[in-house]
Amino acid sequence: MPRQLGQPNDLDLSIIPESNKYTIGNEWVRLSSFISANFGIKSVAEPYLKRLAQEVEQSVYLAQYQEQYLKLSFILGIHSSNILQYRLELGVLQPIHIGASGKAILAFLSDDKISEVLEQEGVSTNDIQKIWTDMEKIRNIGY
């Protein structure tokens, strides 16, 4: 660790002896939660999702691509006042090739990355052809 940063304990870091790597402490977790809740994409998107949920009288979700896993997760959900509604669990990794949200994200990844996703998920050859057709349609209309 560079000297300018100080000692690991000064920064609420711990060294994992087996790997000689650092791990963050509780203060880093608290700060990252605060930043994520107050300054991230969720806080920007929330008023728009609220308005959309009111207009369509349905639950509305914000999905985010999790590049390191080649999956998506829903990071924000706004529920309507409708008695019948579909609810998704936030933060859970989901296959990106299933559903409209995932396909909209998938379509704008590189062809190599799409192939990598489909291979990772074990998608059948027949379904791969359908997905590539969907990707072409989505790319042509923009969503």
Side-chain angles (χ1 to χ4, degrees), residues 1-2 5-6 8-143:
M1 172 178 282
L5 294 179
N9 288 343
D10 297 340
L11 299 171
D12 196 22
L13 298 173
S14 301
I15 298 175
I16 303 170
E18 305 84 42
S19 64
N20 206 28
K21 293 184 178 180
Y22 295 93
T23 182
I24 62 173
N26 291 335
E27 184 63 10
W28 284 101
V29 173
R30 185 191 70 77
L31 287 172
S32 64
S33 296
F34 175 80
I35 290 168
S36 176
N38 294 292
F39 301 104
I41 189 171
K42 293 189 291 186
S43 63
V44 173
E46 187 172 15
Y48 298 99
L49 293 182
K50 283 181 177 178
R51 190 173 80 215
L52 182 59
Q54 287 175 341
E55 288 176 10
V56 299
E57 296 181 350
Q58 297 291 324
S59 296
V60 179
Y61 290 91
L62 176 62
Q64 185 174 41
Y65 177 52
Q66 305 296 334
E67 185 175 9
Q68 67 272 33
Y69 303 108
L70 302 177
K71 294 182 181 283
L72 69 77
S73 64
F74 293 97
I75 61 170
L76 178 63
I78 304 297
H79 303 290
S80 73
S81 58
N82 194 335
I83 294 172
L84 295 175
Q85 50 184 282
Y86 190 73
R87 289 190 174 237
L88 299 172
E89 192 172 352
L90 300 180
V92 176
L93 294 173
Q94 305 285 338
I96 196 169
H97 69 286
I98 300 172
S101 299
K103 286 183 179 179
I105 295 169
L106 190 65
F108 294 97
L109 300 179
S110 69
D111 288 354
D112 289 343
K113 192 60 75 174
I114 294 171
S115 295
E116 189 178 346
V117 167
L118 299 178
E119 182 179 325
Q120 174 181 294
E121 294 298 331
V123 178
S124 71
T125 305
N126 191 36
D127 286 342
I128 288 174
Q129 293 300 326
K130 291 177 186 173
I131 291 169
W132 280 111
T133 300
D134 290 343
M135 296 300 99
E136 186 177 330
K137 288 178 186 175
I138 293 166
R139 287 173 172 173
N140 285 337
I141 61 173
Y143 58 91

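Since we're looking at a predicted model, the values are computed, not measured.
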Roughly how far apart are [X] [atom1] and [Y] [atom2], rounded to 0.5 Å?
| X | Y | atom1 | atom2 | result |
| --- | --- | --- | --- | --- |
| Asp112 | Glu116 | CG | CD | 8.5 Å |
| Leu84 | Gln58 | CG | CD | 9.0 Å |
| Gln66 | Gln94 | CD | CD | 11.0 Å |
| Ile114 | Ile96 | CD1 | CD1 | 9.0 Å |
| Leu62 | Leu52 | CG | CG | 11.5 Å |
| Ser73 | Glu89 | OG | CD | 11.0 Å |

Return yes when atom [atom1] of [X] has more than 12 non-hydrogen atoms of other residues, nucleotides or ligands closer than 6.0 Å, and no otherwise.
| X | atom1 | result |
| --- | --- | --- |
| Leu93 | CG | yes |
| Glu67 | CD | no |
| Asn140 | CG | yes |

*Salt bridge check: are Lys42 and Glu46 linked by an N-O gap of less than 4.0 Å?*
no

Would you mind reporting whether [Y] and [X] have side-chain heavy atoms less than 4.5 Å apart?
| X | Y | result |
| --- | --- | --- |
| Leu31 | Glu27 | yes |
| Leu118 | Trp132 | yes |
| Ile131 | Ile128 | no |

*Please check if the distance between the ring centroids of Tyr86 and His79 is under 6.0 Å.*
no

Of the non-hydrogen atoms in [X] and [Y], which two are nearest, and what is the gap between them?
| X | Y | value |
| --- | --- | --- |
| Gly77 | Leu90 | N-CD2, 3.8 Å |
| Ala107 | Ile138 | CB-CG2, 3.4 Å |
| Lys113 | Leu70 | CD-CD2, 3.5 Å |
| Ala53 | Ile78 | CB-CG2, 3.8 Å |

*Indicate yes or no for a side-chain donor-acceptor contact from Tyr61 to the backbone of Leu88 under 3.5 Å, with no hydrogens or angles considered.*
yes

*Short question: side chain of Gln120, backbone of Tyr69 - any donor-acceptor pair under 3.5 Å?*
yes

